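Here's the structure, in structure tokens; my notes come after.
It should be emphasised that the depicted structure is a prediction, and the values quoted were computed from it without experimental measurement. Protein chains get the first letters and strands the later ones, always in sequence-line order, with residue 1 at the start of each.
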Amino acid sequence: GQQLNQSPQSMFIQEGEDVSMNCTSSSIFNTWLWYKQDPGEGPVLLIALYKAGELTSNGRLTAQFGITRKDSFLNISASIPSDVGIYFCAGPLLNTGGFKTIFGAGTRLFVKA
Amino acid sequence: NAGVTQTPKFQVLKTGQSMTLQCAQDMNHNSMYWYRQDPGMGLRLIYYSASEGTTDKGEVPNGYNVSRLNKREFSLRLESAAPSQTSVYFCASSDPYTTEQYFGPGTRLTVT
């Protein structure tokens, strides 16, 4: 079935560094979603992208919808300790029963103060 | 406005026992979902309900049943729990026109 491949699997960085992660698929998506999951919590939507080539920011976060519609990128600038967590990309697929969203395996971010 | 709520937060079952996980949302969303999250596996869809009165299988439905009780509530039932069902279970809801999902805090289930 369809898969979303996220990389890297984990990152260990120093506070203040910038972070880049990406998500790729062999399938085309019309929407890309980025979620963050804090330890012990449910995922929270960070950014939604609806158009190929779109670049969207949310504070220190910037995400891009790849021009081929098969990839997306998330950047975090000037990381802080509360950025720790798992970042998931997700893509909704429309079928007869409605939308089914598939998720990547996540990028685990560790920030050292 | 509580968003998506789940009960219980933690549960320990013995193999073969049954239980129902409850989920409710107060955002008037049409669509609701159940996922399981295992270490390193991301989120896998168990069942979903596009609207009240409909349910469909997701990626990993075996061993589970669901009930969309009304627009607000969507429950997940394990009829005969197995150790392989040890996981964290998340409920989510969405407006079908945006596909942006809102998640509950999760239920941490251990089957011994």
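With a 4.5 Å cut-off on non-hydrogen atoms, B:L45 touches chain A through its side chain but not through its backbone. The part of B:Q37 that comes within reach of chain A is its side chain, from C-beta onward, which places non-hydrogen atoms under 4.5 angstrom from that chain. If you measure heavy-atom distances from A:T101 to chain B, the contacts under 4.5 Å come from both the backbone and the side chain. Heavy atoms closer than 4.5 Å to chain A are found nowhere in B:K9, neither backbone nor side chain. At a 4.5 Å heavy-atom cutoff, B:Y102 makes no contact with chain A through either its backbone or its side chain.
Between the side chain of B:R108 and the backbone N or O of A:G40, at least one donor-acceptor pair lies under 3.5 Å.
Counting heavy atoms from C-beta on, the side chains of A:L33 and B:E100 come closer than 4.5 Å. Side-chain contact between B:Q101 and A:Y35: present, with at least one pair of heavy atoms (C-beta onward) separated by less than 4.5 Å.
Counting non-hydrogen atoms of other residues, nucleotides and ligands closer than 6.0 Å to CD of B:E79 gives a total above 12. Heavy atoms from other residues, nucleotides or ligands lying under 6.0 Å from NZ of B:K71 number more than 12.
Residues B:V4 and B:V66 are members of separate hydrophobic clusters, defined by side-chain heavy-atom contacts under 4.5 angstrom among Ile, Leu, Val, Met, Phe, Trp and Tyr. Hydrophobic clustering places A:I86 together with B:V88 (ILVMFWY residues linked when any side-chain heavy atoms are closer than 4.5 Å, directly or through intermediates). Linking Ile, Leu, Val, Met, Phe, Trp and Tyr whenever their side-chain heavy atoms come within less than 4.5 Å leaves B:Y89 and B:Y35 in two separate clusters. Hydrophobic clustering, with ILVMFWY side chains joined whenever heavy atoms are under 4.5 angstrom apart, groups A:L46 together with A:L4. Under a hydrophobic-cluster definition in which Ile, Leu, Val, Met, Phe, Trp and Tyr are linked whenever side-chain heavy atoms come within less than 4.5 Å, directly or via other members, A:I47 and A:F73 are assigned to different clusters.
Contacts with chain B were tallied for A:P92, A:A90, A:P43, A:A48; A:P43 has the most, counting heavy-atom pairs under 4.5 Å.
Minimum interatomic distance between A:Q37 and B:F90 (heavy atoms only, all atoms of both residues): NE2-CZ, 3.3 Å.
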